[in-house]
Amino acid sequence: MAIAARRRVAYETAGLVVSHRYRERPAMMDRNMATGAAPKGAWIYAVIAALGSVLWAMSTYLPAQMPAVAPYDFSWLIFLAVSLSAFWFARGLGNLPAPTRPGPWRQAAFWAGLVLLWGVTQTGFEYLAQRMFFTNRLQHVALHHLGPFLLALSAGGAVVLAGAPDWLRRLCNSRPVILTYRVVQQPAVAVLLFVGLFWFWLIPPVHFAAMFDPVLYQVMNWSMAVDGILFWALVLDTRPAPPARVRFGWRAALAVGVMFPQIVLGALITFATVDLFPYYAFCGRYFQSISAVTDQQIGGIVIWIPPAMMSVIGLLVVVRNMRAVGAEP
């Protein structure tokens, strides 16, 4: 028990360990640049760039030859976000002392979250998400709930920073980023953003414009993923407060509180008797045997039930984290 307690304390302070351990690395980087030495891991960055170039070229010039597991609409931003996060997480595991590394199941949660975010945006599923309302809702549940939930559950932020370049750590520790993070992590703001964005992108005229405009479409998807990660990182924080931003009782309330507005939204769409989202009829539904109202009903159930289940699971995780550290609500 004593060993387990020491391991837990060490893990909970992993962010402090990372900050202290790599305080001297900028000077090392400067010496490497002065001597012309290549940064550590430079060949992996080259491989990532080459792989991205191949995927971009194939999706641009040979789209018919792309398999279903390859990008339907290649995005450099998504590719770099996923591939660099994977590389930095893997490198961070090697950089951190063994007691501060997340356990196997947390590591599995991180990889599962990355794979899920990639799968719903950079495979053939993206085509389905643009052709059916219910598959679009599945995509957003993955981007806003399940994928970010898994990433937050992994508690992998300190690991990613342990393997990330020094400029990224300096950026994350900069005053503007810290102040912005504090604002969006306020409970009222976090709930407003989490629920508000989910409702906003389903306002029929807004949804129609977002599905037609490629830039606005990317903004919609990115806002879902980033906000989901911020919210679930707040709720699933394993530490007591302080150093965590809110107490476990507040985290439990947040997990449950966001459930009810999403249930209401799902019910409104499920029981609608008219086509609220004409974009899918305009572009042509992939499953033509499914009517517009039926498509909406399935999509409404996707909005209704899976997010509610995620809130219940989130509540259970909060209670488990609270008991693990012996904290009060």
Side-chain angles (χ1 to χ4, degrees), residues 41-91 110-148 150-151 160 163-165 168 197 201-202 206-229 277-288 290 295 299 302:
W43 69 271
I44 298 183
Y45 291 116
V47 170
I48 290 174
L51 178 59
S53 299
V54 170
L55 291 175
W56 170 82
M58 291 187 65
S59 63
T60 302
Y61 300 108
L62 300 170
Q65 280 68 49
M66 296 287 280
V69 295
Y72 162 71
D73 185 13
F74 179 75
S75 167
W76 271 107
L77 284 177
I78 297 175
F79 171 77
L80 290 175
V82 172
S83 59
L84 291 177
S85 295
F87 169 46
W88 293 336
F89 184 82
R91 188 165 67 173
F110 181 87
W111 294 116
L114 275 190
V115 169
L116 182 61
L117 294 181
W118 174 268
V120 297
T121 57
Q122 290 295 283
T123 66
F125 187 85
E126 171 69 8
Y127 180 82
L128 292 177
Q130 296 181 20
R131 297 299 185 276
M132 296 294 294
F133 178 72
F134 83 88
T135 51
N136 184 268
R137 292 303 86 207
L138 287 172
Q139 182 188 56
H140 275 206
V141 167
L143 288 174
H144 199 227
H145 289 77
L146 186 53
L150 290 169
L151 293 178
V160 172
L168 182 61
L197 283 172
W201 293 115
L202 284 172
V206 174
H207 189 77
F208 190 90
M211 296 303 295
F212 256 110
D213 187 331
V215 175
L216 194 57
Y217 180 79
Q218 292 299 324
V219 171
M220 175 177 67
N221 285 349
W222 273 94
S223 69
M224 289 287 96
V226 172
D227 178 62
I229 292 172
F277 305 99
Y279 162 81
Y280 300 94
F282 184 86
C283 72
R285 282 183 166 80
Y286 185 82
F287 301 108
Q288 298 184 8
I290 299 179
D295 188 15
V302 170

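Remember, predicted model here, so these are calculated numbers, not experimental data.
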Worksheet item: Rounded to the nearest 0.5 Å, how far apart are CZ of F125 and OG1 of T135?
Response: 5.5 Å
Worksheet item: Is the closest side-chain heavy-atom distance between H207 and Y280 below 4.5 Å?
Response: yes
Discussion item. Tell me whether S59 contacts the main-chain N or O of W56 through its side chain, where contact means a donor paired with an acceptor under 3.5 Å.
Written reply: yes
Worksheet item: Is there a side-chain contact between L197 and M224 (heavy atoms, below 4.5 Å)?
Response: yes
Worksheet item: Do Y45 and S83 come close enough that some side-chain heavy atom pair is under 4.5 Å?
Response: no
Item to complete: Check whether the side chains of Q122 and E126 place a donor and an acceptor atom closer than 3.5 Å, and report yes or no.
Response: no
Item to complete: Side-chain contact test, heavy atoms from C-beta onward, threshold under 4.5 Å: evaluate it for D213 versus F208 and give yes or no.
Response: no
Worksheet item: Looking only at heavy atoms, what is the nearest atom pair of T123 and Y72, with distance?
Response: O-CB, 3.6 Å
Practice prompt. Please test L202 against F277 for side-chain contact (heavy atoms from CB on, under 4.5 Å), starting from the C-alpha separation and ending with a verdict.
Written response: CA-CA 9 Å; L202 284 172; F277 305 99; 4.1 Å; yes
Worksheet entry | Nearest non-hydrogen partners of G147 and L117, listed with the distance | CA-CD2, 4.1 Å
Worksheet item: Do L138 and V120 come close enough that some side-chain heavy atom pair is under 4.5 Å?
Response: no
Practice prompt. Side-chain contact test, heavy atoms from C-beta onward, threshold under 4.5 Å: evaluate it for S75 versus T121 and give yes or no.
Written response: no
Worksheet item: Which heavy atom in L55 sits nearest to a heavy atom in P71, and how many Å separate them?
Response: CD2-CD, 4.0 Å
Worksheet, complete the sentence: In short, W118 meets I78 closest at the heavy-atom pair CE3-CG2, 4.4 Å
Worksheet item: Does the side chain of F110 come within less than 4.5 Å of L151's, by heavy atoms?
Response: yes
Practice prompt. Rounded to the nearest 0.5 Å, what's the gap from CE on M211 to CZ on F133? Could you check?
Written response: 10.0 Å
Worksheet item: Measuring from I44:CD1 to L51:CG, what's the distance to the nearest 0.5 Å?
Response: 13.0 Å
Fill in: Atom pair CZ/NE2 of R137 and H144 - distance to nearest 0.5 Å
10.5 Å
Worksheet item: Within 45° of the six-membered ring axis of Y127 and under 6.0 Å from that ring's centre, is NZ or CZ of R131 located there?
Response: yes
Item to complete: Could you give me the CA-CA distance, side-chain angles and deciding distance for D295 and F287, then say whether side-chain contact (heavy atoms from CB on, under 4.5 Å) is met?
Response: CA-CA 9 Å; D295 188 15; F287 301 108; over 6 Å; no
Worksheet item: CG/L168 to CH2/W88 distance, rounded to the nearest 0.5 angstrom?
Response: 5.0 Å
Practice prompt. May I ask you to decide if the ring planes of F74 and W76 are parallel, tilted or perpendicular, using 30° and 60° as cut-offs?
Written response: perpendicular
Worksheet item: Aromatic ring centroids of Y217 and F212 under 6.0 Å?
Response: no
Worksheet item: Which pair of non-hydrogen atoms, one from P148 and one from A142, has the smallest distance, and what is that distance?
Response: CD-O, 3.4 Å
Discussion item. So, taking the atom named CG in N221 and the one named CG in L77, what distance separates them when rounded to the nearest 0.5 Å?
Written reply: 12.0 Å
Worksheet item: Below 4.5 Å, heavy atoms only, C-beta onward: do H140 and M220 meet side chain to side chain?
Response: yes
